[in-house]
Student: 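Shown below is the structure under consideration.
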Number of protein chains: 2
Amino acid sequence: MKNIIAHLDKAFESRVRLGIMSMLMVNESVDFKTIKETLDVSDGNLASHLAALEKKEYINITKQFIERKPNTSYSLSPAGRLAFKKHLEALEALIGK
Amino acid sequence: MKNIIAHLDKAFESRVRLGIMSMLMVNESVDFKTIKETLDVSDGNLASHLAALEKKEYINITKQFIERKPNTSYSLSPAGRLAFKKHLEALEALIGK
DNA sequence: AATTCAACTTTGCATTACAAAGTACTTTTA
DNA sequence: TAAAAGTACTTTGTAATGCAAAGTTGAATT
């Protein structure tokens, strides 16, 4: 039993980022407002977590207008999906044994 | 899909505390040195994480001498075991759906 | 022209994580 | 018996993080 937490990704330590990634795992894309309301966080806080995930290139951002209102939606990048899968596997390895 | 991260326990957000709790879930008791080496953290850092878990009354501490050396070992309190179980259930709910 | 809305960015503060150094107690070694 | 070593801390200091609140931007509505 050595180095059992080394494979946990620091990017997914926070509850908010865990929530974002989970939403994006099961939805092709989710918009800012939906994430904000689902996780019940302030918009500034959410923006900073999204920025952190974007910086790591774990998510893609699409800005457009829907019904003449700005709408920003997010989706997982392949790297993000992989990283999150690895993180979940590390979590399982940690607690399932 | 509402408030999906509300049931995650803040006490278990950090990798180190997640590691500590996991070790204690599968071992009746684990001593300081073993935790330190398994998680590869500095002793000061580990001590502070353990203190945080102790403050929440999630773990019990037993100090004794083994082979004439000081030995501090840790075990889960019932509350700690319950809280961690709830946390894991919340995690599963988050990612398994 | 003023207001509203979405999605930020900035600011500022409080908390946290961490390493490194220092401490206390005991045992071992010289 | 004095010095060194080992365990488990505690203290100190710093850098990173989390967060709310307020400010910003650009387009749409009134």
Side-chain angles (χ1 to χ4, degrees), chain A residues 3-24 27 29-56 58-75 87, chain B residues 3-24 27 29-56 58-75 87:
Chain A
N3 229 357
I4 61 172
I5 58 175
H7 296 100
L8 295 175
D9 193 327
K10 274 210 144 198
F12 306 136
E13 271 192 63
S14 103
R15 277 175 6 281
V16 176
R17 288 206 285 273
L18 216 45
I20 293 168
M21 293 300 291
S22 300
M23 291 184 75
L24 295 184
N27 297 100
S29 89
V30 185
D31 64 24
F32 188 91
K33 208 182 170 194
T34 302
I35 299 176
K36 185 189 154 181
E37 286 168 359
T38 303
L39 302 184
D40 194 28
V41 289
S42 67
D43 53 358
N45 188 14
L46 178 55
S48 77
H49 282 298
L50 287 167
L53 291 173
E54 191 196 359
K55 192 178 172 193
K56 292 214 96 186
Y58 284 172
I59 58 176
N60 299 126
I61 302 193
T62 309
K63 287 167 191 265
Q64 56 182 337
F65 277 75
I66 293 180
E67 287 170 24
R68 296 179 184 168
K69 286 181 188 168
N71 179 282
T72 307
S73 67
Y74 303 86
S75 63
H87 181 74
Chain B
N3 229 357
I4 61 171
I5 58 174
H7 296 99
L8 295 175
D9 192 327
K10 274 211 145 197
F12 306 136
E13 270 193 61
S14 103
R15 277 174 9 278
V16 176
R17 289 207 284 274
L18 215 46
I20 294 168
M21 294 301 290
S22 301
M23 290 184 76
L24 295 183
N27 297 99
S29 88
V30 185
D31 63 25
F32 188 91
K33 207 184 169 194
T34 302
I35 299 176
K36 187 188 153 182
E37 287 169 358
T38 303
L39 303 185
D40 193 28
V41 289
S42 66
D43 53 358
N45 188 14
L46 177 56
S48 76
H49 283 297
L50 288 167
L53 292 173
E54 191 195 0
K55 193 179 172 191
K56 291 214 98 186
Y58 283 171
I59 58 175
N60 300 125
I61 302 192
T62 308
K63 288 166 192 265
Q64 57 182 335
F65 277 75
I66 293 180
E67 287 171 24
R68 296 182 182 165
K69 288 180 189 170
N71 179 283
T72 307
S73 66
Y74 303 87
S75 62
H87 181 74

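Since the structure is predicted, the reported quantities are computational estimates derived from the model, not experimental observations. Note: hydrogens, waters and symmetry copies are ignored here, and every other heavy atom, side chains too, is used. Lettering follows sequence order; numbering is per chain, from 1.
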Student: Identify, with sequence neighbours excluded, every residue that meets side-chain hydrogen bond (donor to acceptor under 3.5 Å, both in side chains) alongside Tyr58(B).
Tutor: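 So Tyr58(B) forms a side-chain hydrogen bond (donor to acceptor under 3.5 Å, both in side chains) with Asp9(B).
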
Student: Mind checking if Val41(B) touches a base, just sugar-phosphate, or nothing, with heavy atoms under 4.0 Å?
Tutor: nothing

Student: May I ask you to say what Ser14(A) touches in the nucleic acid, namely base, sugar-phosphate or nothing, with a heavy-atom cut-off under 4.0 Å?
Tutor: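 Here Ser14(A) touches the backbone only, sparing every base.
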
Student: What heavy-atom pair brings Ile59(A) and Leu50(A) nearest, and what distance separates the two atoms?
Tutor: CD1-O, 3.5 Å

Student: Of Arg17(A) and Phe65(A), whose closest DNA chain D nucleotide lies nearer the 5' terminus?
Tutor: Arg17(A)

Student: Rounded to the nearest 0.5 Å, how far does CD1 of Ile35(A) lie from OH of Tyr74(A)?
Tutor: 6.5 Å

Student: Can you tell me how far apart CG (Leu53(B)) and OG (Ser14(B)) are? Round to the nearest 0.5 Å.
Tutor: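 Interatomic distance, Leu53(B) CG to Ser14(B) OG, rounded to 0.5 Å: 8.0 Å.
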
Student: Let me know the distance between NZ of Lys36(A) and P of dC19(D), rounded to the nearest Å.
Tutor: 15 Å

Student: Atom CD of Glu37(B) to atom P of dG6(D): distance rounded to whole Å?
Tutor: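 It works out to 13 Å between those atoms.
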
Student: Take atom CD1 of Ile66(B) and atom P of dT27(C), then tell me their distance rounded to the nearest Å.
Tutor: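 Roughly 14 Å, once rounded to whole Å.
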
Student: Let me know the distance between NZ of Lys56(A) and P of dT17(D), rounded to the nearest Å.
Tutor: 10 Å

Student: Does some side-chain heavy atom of Glu13(B) sit less than 4.5 Å from a side-chain heavy atom of Leu18(A)?
Tutor: no

Student: Would you kindly give the CG-to-C1' distance between Leu46(A) and dA20(D), to the nearest whole Å?
Tutor: 14 Å

Student: Which of these nucleotides, dA20(D), dC19(D), dA17(C), is closest to any side-chain atom of Ser42(A)?
Tutor: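 Looking only at heavy atoms from C-beta outward on Ser42(A), the closest nucleotide is dA20(D).
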
Student: In whole angstrom, give the distance that lies between atom NZ of Lys55(B) and atom C1' of dT16(C).
Tutor: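 It works out to 12 Å between those atoms.
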
Student: As an exercise, state the distance from NE2 of His87(A) to CZ of Arg17(A), rounded to the nearest 0.5 Å.
Tutor: 10.5 Å

Student: Counting side-chain heavy atoms from C-beta on, which of dA27(D), dT28(C), dC19(D) comes nearest to Arg68(B)?
Tutor: dT28(C)

Student: Whether His49(B) contacts dC18(C) is assessed here as follows: a side-chain N or O lying under 4.0 Å from the phosphate OP1 or OP2. Is that the case?
Tutor: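 For dC18(C), OP1 or OP2 has a side-chain N or O of His49(B) closer than 4.0 Å.
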
Student: Let me know the distance between CG of Leu53(A) and C1' of dT17(D), rounded to the nearest Å.
Tutor: 14 Å

Student: Please report, rounded to the nearest Å, how far the C1' atom of dA22(D) is from the CG atom of Asn45(A).
Tutor: 15 Å

Student: Set out, line by line, the N/O atom pairs under 3.5 Å between protein and nucleotides 2-8 of chain C.
Tutor:
from, atom 1, to, atom 2, distance (Å)
dA6(C), OP1, Lys33(A), NZ, 3.1
dA6(C), O3', Pro70(A), O, 2.9
dA7(C), OP1, Thr72(A), N, 2.9
dC8(C), OP1, Lys63(A), NZ, 2.5
dC8(C), OP2, Thr72(A), OG1, 3.1
dC8(C), OP2, Tyr74(A), OH, 2.5
dC8(C), N4, Asp43(A), OD1, 3.3
dC8(C), N4, Asp43(A), OD2, 2.7

Student: Check Asn60(A), Val30(A), Thr62(A), Ile61(A) against Ser73(A) for a side chain to side chain contact (heavy atoms under 4.5 Å, CB included) and give me the one that passes.
Tutor: Thr62(A)

